[in-house]
Amino acid sequence: MAGGPLNKVKTLSKSQQAYHWIKERIAQQEFTPGYRLVLATIAGELDMSVVPVREAVRQLEAEGLITFERNVGARVSMVDDSQYRTTMQVISVVESAATALSARELTEADLRQARAVNEIMASRLERFDPRAFSALNQEFHHILYCRCPNARLLEIVESEWTRLGHLRDSIFAFVPDRARESVREHEEILGLIERTAPLNEIEEAVRRHRKGTLSAFIEHEHPDEAAGFPAL
């Protein structure tokens with residue numbers, strides 16, 4: 001697994017190879033929140049000097065995935081619920097747009113795959129595993145937005161999902177009742193795409209879906225607060 005993604009980016013600069021290598025390990029939770037990054041060790045793993053690794057870490061720091069602590073060095077950033085809130089607000093906007101732009105590019109095979117994933121999610125509602133359900137949820141949405149022709153928008157969506165880290169994978173543990181509603185909303189989104197509904201309707205459905213998850217989380221953790229979404 002470690003060699004595959006790196007081979008795909010051999011044409012990139014060494015700093016970008018290091019960037020993708022580290023970022024993937026954060027996304028896969030091999031490097032968990034609080035994990036200390038030893039630049040020399042990473043450089044040895046990638047067979048390069050420390051300089052491009054340091055450049056990659058600086059880029060990841062700018063994205064909020066890594067923080068520097070005095071006398072400690074680089075660590076994978078911790079995630080709190082305020083960061084979850086703001087990141088989900090961003091995702092509700094960018095992912096809904098990416099899904100709408102992707103909708104006309106999706107093939108029948110893509111839609112069958114998305115529906116199959118959602119059916120697996122539905123089958124696991126009774127014997128519920130929050131982390132596995134979250135992984136399937138992300139797979140479902142990735143299928144629907146991955147054909148977005150706007151590469152920059154797609155990059156932002158992926159970056160924001162990576163930013164959520166471990167909290168993304170545990171969100172349904174906080175609000176398990178939200179899982180059943182999510183499956184139903186997935187069917188609604190699929191139906192809109194299959195009927196070639198206007199793109200603004202698809203975009204709004206995805207945005208409502210994302211807002212619903214965040215609202216459920218905030219109502220559970222902070223019942224005295226509203227979700228605080230801006231009017232967009």
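Note that this is a predicted model, so its numbers are computed, not measured.
Between the side chain of Q17 and the backbone N or O of L12 there is at least one donor-acceptor pair closer than 3.5 Å. S123 places a side-chain N or O within 3.5 Å of a backbone atom of I120 that can act as its donor or acceptor partner. Looking only at distances, a side-chain donor or acceptor of T99 sits under 3.5 Å from a matching main-chain atom of E95. The closest donor-acceptor contact from the side chain of S182 to the backbone of R178 lies under 3.5 Å.
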Query raised in the report: I22 and R25: side chain to side chain contact (heavy atoms under 4.5 Å, CB included), yes or no, with the steps?
Result: CA-CA 5 Å; I22 297 169; R25 274 145 189 78; 5.9 Å; no

Requested in this report: Take E126 and R180 through the test salt bridge (charged side-chain N to carboxylate O under 4.0 Å, His left out) and record every step on the way to the result.
Outcome: CA-CA 10 Å; E126 299 305 322; R180 191 175 300 277; 3.1 Å; yes

Query - Steps toward salt bridge (charged side-chain N to carboxylate O under 4.0 Å, His left out) verdict (R115, E194) - result: CA-CA 11 Å; R115 176 158 275 110; E194 289 171 336; 2.6 Å; yes

Requested in this report: Could you walk me through whether E61 and R58 pass salt bridge (charged side-chain N to carboxylate O under 4.0 Å, His left out), step by step?
Outcome: CA-CA 5 Å; E61 182 189 18; R58 286 173 179 163; over 6 Å; no

Requested in this report: Apply the test side chain to side chain contact (heavy atoms under 4.5 Å, CB included) to residues I193 and I189: give CA-CA distance (whole Å), side-chain angles for both, the deciding distance (0.1 Å), then the verdict.
Outcome: CA-CA 6 Å; I193 294 173; I189 293 166; 4.1 Å; yes

**Report entry** Stepwise side chain to side chain contact (heavy atoms under 4.5 Å, CB included) check, L136 with R124
**Finding:** CA-CA 10 Å; L136 287 166; R124 296 187 179 182; 3.8 Å; yes

Query raised in the report: How far apart are the C-alpha atoms of S159 and E63, what are their side-chain angles, what is the distance that settles it, and do they pass the side chain to side chain contact (heavy atoms under 4.5 Å, CB included) test?
Result: CA-CA 8 Å; S159 178; E63 294 179 9; 3.7 Å; yes

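Taking a cutoff of 4.0 Å between a charged side-chain nitrogen and a carboxylate oxygen, E158 and K23 do not qualify as a salt bridge. A salt bridge links E155 with R152; the closest basic N to acidic carboxylate O contact falls under 4.0 Å. Salt bridge status for D110 with R147: present, with a side-chain N to carboxylate O gap under 4.0 Å.
By the criterion of side-chain heavy atoms lying less than 4.5 angstrom apart, applied directly or through intervening Ile, Leu, Val, Met, Phe, Trp or Tyr residues, L65 is grouped together with F68 in one hydrophobic cluster. Side-chain heavy atoms closer than 4.5 Å link hydrophobic residues (I, L, V, M, F, W, Y) into clusters, and following such links, possibly through other members, connects V117 to L125.
Nearest heavy atom pair, residue A18 against residue L46, reads CA-CD1, 3.7 Å. The shortest non-hydrogen separation linking L199 to A103 is CD2-CB, 4.2 Å. Residue A197 comes nearest to R104 through the heavy atom pair O-NH2, 2.9 Å, listed as atom of the first residue, atom of the second, then distance. Between I143 and L106, the closest heavy-atom pair is O-CD2, 3.3 Å. The minimum heavy-atom distance between P149 and S102, with the atom names listed, is CD-N, 4.5 Å. Between S96 and S92 the shortest heavy-atom distance is OG-O, 2.7 Å.
Residue-environment remark: CG (N200) exceeds the threshold of 12 foreign heavy atoms within 6.0 Å.
For the ring-ring contact (aromatic ring centres under 6.0 Å, His included) test, residues two or more places apart in sequence or in another chain that qualify with F133 are F128, F172. For Y35, the ring-ring contact (aromatic ring centres under 6.0 Å, His included) partners at least two apart in sequence or on another chain are F31.
Atom CG of residue N118 and atom CZ of residue R184 lie 11.5 Å apart, to the nearest 0.5 angstrom. Taken to the nearest 0.5 Å, the CG atom of L154 stands 5.5 Å off from the SG atom of C148. A distance of 11.5 Å separates CD1 in I42 from CZ in R54, rounded to the nearest 0.5 Å.
Between V53 and M48, some side-chain heavy-atom pair lies under the 4.5 Å cut-off. The shortest distance between side-chain heavy atoms of R195 and L192 falls below 4.5 Å. Looking at heavy atoms from C-beta onward, V157 lies out of side-chain contact with I91 at the 4.5 angstrom threshold. Within the 4.5 Å cutoff, the side chain of R36 has heavy atoms near those of the V38 side chain.
Between Y19 and E24, the side chains place no donor N or O within less than 3.5 Å of an acceptor N or O (distance only, hydrogens not considered). Q59 and Q16 share a side-chain donor-acceptor pair at under 3.5 Å.
Below 30°, between 30° and 60°, or above 60°: for H186 and F140 the angle between ring planes is below 30°, a parallel geometry.
Considering R210, H209, R208 as possible partners of E185, the one that fulfils the side-chain hydrogen bond (donor to acceptor under 3.5 Å, both in side chains) test is H209.
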